Number of protein chains: 2
Amino acid sequence: MAEAKKSDSASHASASDMETYKVDQQIGFFLRQANQRHVAIFSAQMGDRLTTTQWAALTKLREIQPTSQNQLGRDTAMDVATIKGVVDRLVKRGYVSTAPDPQDGRRLVLSLTGEGEAAIARNLLTAVAVTEETLSPLTSGERMMLIELLRKIC
Amino acid sequence: MAEAKKSDSASHASASDMETYKVDQQIGFFLRQANQRHVAIFSAQMGDRLTTTQWAALTKLREIQPTSQNQLGRDTAMDVATIKGVVDRLVKRGYVSTAPDPQDGRRLVLSLTGEGEAAIARNLLTAVAVTEETLSPLTSGERMMLIELLRKIC
DNA sequence: TGATATTCATTCGTATACAAACAATATGTG
DNA sequence: CACATATTGTTTGTATACGAATGAATATCA
């Protein structure tokens with residue numbers, strides 16, 4: 001089945017295929033757009049110029065601190081290069097502090113600062129409101145269904 | 001209701017709120033991850049080093065050509081600055097050609113080149129396979145449901 | 001006509017996102 | 001111990017993504 005798809009992919013599309021295919025009806029297009037709308041809502045409501053990824057890193061770090069930079073990246077679904085940039089900006093703001101790991105010379109141990117804790121506390125209810133507004137077009141049942149379906153394709 | 005949320009957001013979160021909130025269970029986290037997985041599938045399968053946005057621009061341009069750069073951006077949900085970068089790269093590859101609009105001196109009229117048409121034809125069945133693989137964890141009913149729910153929150 | 005507003009494209013700055021290559025450090029196996 | 005392997009963090013390069021500012025061309029309307 002997957003193999004049949006693969007060999008099909010290697011062949012040339014017919015003119016009728018070209019007419020039929022619509023990008024804006026593909027799942028990828030919807031995923032990108034839905035994410036865009038969420039990020040827009042987040043940016044509009046959240047204070048302190050926090051981005052979605054910075055917020056994810058901050059709140060996840062609060063859960064698992066102290067931890068290494070790469071581990072935080074794994075837990076927030078960020079590439080090593082991406083998490084480094086995010087952490088650097090959070091450090092520059094004074095929300096996160098770094099220290100070398102005495103046990104492992106490779107590791108950079110991350111912790112929240114008081115400022116970081118305060119930033120979370122200050123914005124937590126807004127973050128909840130952002131989730132609420134993003135899901136506002138849906139009923140309670142639809143919200144659970146959407147999250148369940150997204151979980152399956154992650 | 002929205003007003004109540006707003007004023008709540010202005011207040012400070014309690015320690016219990018901090019314990020309860022989990023980023024990785026918010027809709028934004030799922031949307032970002034689902035999109036990530038889709039992009040990864042796309043990159044792995046699609047040839048010609050085409051990106052998801054380049055593919056969206058190419059195929060949408062095929063539908064509506066000739067059109068202006070900003071119009072193509074609107075139809076593919078891209079910012080003016082974003083669509084410019086995408087178009088520039090497609091032009092550099094020879095997939096898209098640009099010409100000034102005789103009727104409107106502001107406009108840059110875009111068209112697909114033969115190379116662009118060929119690139120679409122060459123990758124169309126793969127694009128279909130990418131959609132299929134992204135949705136592969138879902139049943140047919142779940143797929144329709146997911147797309148419907150995403151459409152509602154876009 | 002002429003002032004105002006709108007649209008289009010460009011540019012700058014900041015922030016993800018990831019592949020690839022690299023050095024330093026750990027770990028496990030012989 | 002020695003060596004192969006894996007992990008951690010860094011850097012570079014490319015590609016979105018978008019706010020904001022700018023300037024040119026066009027549209028609108030009093």
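Naming: A, B, ... by sequence-line order, numbering from 1 per chain. Please read all numbers here as calculations on a predicted model, not as lab measurements.
Across the interface with DNA chain C, nearest-nucleotide mapping of D104(A) and V80(A) shows V80(A) to be the residue nearer the 5′ end. For the pair R107(A) and R49(A), nearest-nucleotide mapping onto DNA chain D gives the more 5' position to R107(A). Looking at which nucleotide of DNA chain C each of S68(B) and T52(A) is closest to, the 5′-most match is held by S68(B).
Side-chain atoms of F30(B) and N35(B), non-hydrogen and from C-beta on, never get closer than 4.5 Å to each other. At least one side-chain heavy atom of T53(B) sits less than 4.5 Å from a side-chain heavy atom of R32(A). Taking 4.5 Å as the limit, some side-chain heavy atom of I83(A) sits within range of a side-chain heavy atom of T76(A). In this structure, L135(B) and L146(B) have side chains that are in contact, with non-hydrogen atoms separated by less than 4.5 Å. Side-chain contact between Y21(B) and I120(A) is absent, with no heavy atoms from C-beta onward closer than 4.5 Å. Side-chain contact check for F42(B) versus T126(B): every heavy-atom pair is 4.5 Å or farther apart.
Using a 4.0 Å heavy-atom cutoff across all strands shown, Q71(B) reaches no nucleic acid atom at all. At the heavy-atom level, G85(B) lies nowhere under 4.0 Å from the strands shown. Note on D79(B): a base of the nucleic acid sits closer than 4.0 angstrom, heavy atoms only. Residue V86(A) is in sugar-phosphate contact alone, with no base atom involved, counting any heavy-atom pair closer than 4.0 Å across all strands shown. Heavy atoms of T82(A) sit under 4.0 angstrom from at least one base atom.
Along DNA chain C, read 5' to 3', the first and last nucleotides having any atom under 4.0 Å from a heavy atom of chain A are dA15(C) to dA26(C). Along DNA chain D, read 5' to 3', the first and last nucleotides having any atom under 4.0 Å from a heavy atom of chain B are dA15(D) to dT26(D).
Note: L110(A) CG to S97(A) OG = 8.0 Å, rounded to the nearest 0.5 Å.
Counting all heavy atoms, side chain and backbone alike, M18(B) lies closest to A121(A) at SD-CA, 3.7 Å.
We find that K22(B) and D24(B) are not joined by a salt bridge, their nearest charged nitrogen and carboxylate oxygen being 4.0 Å or further apart.
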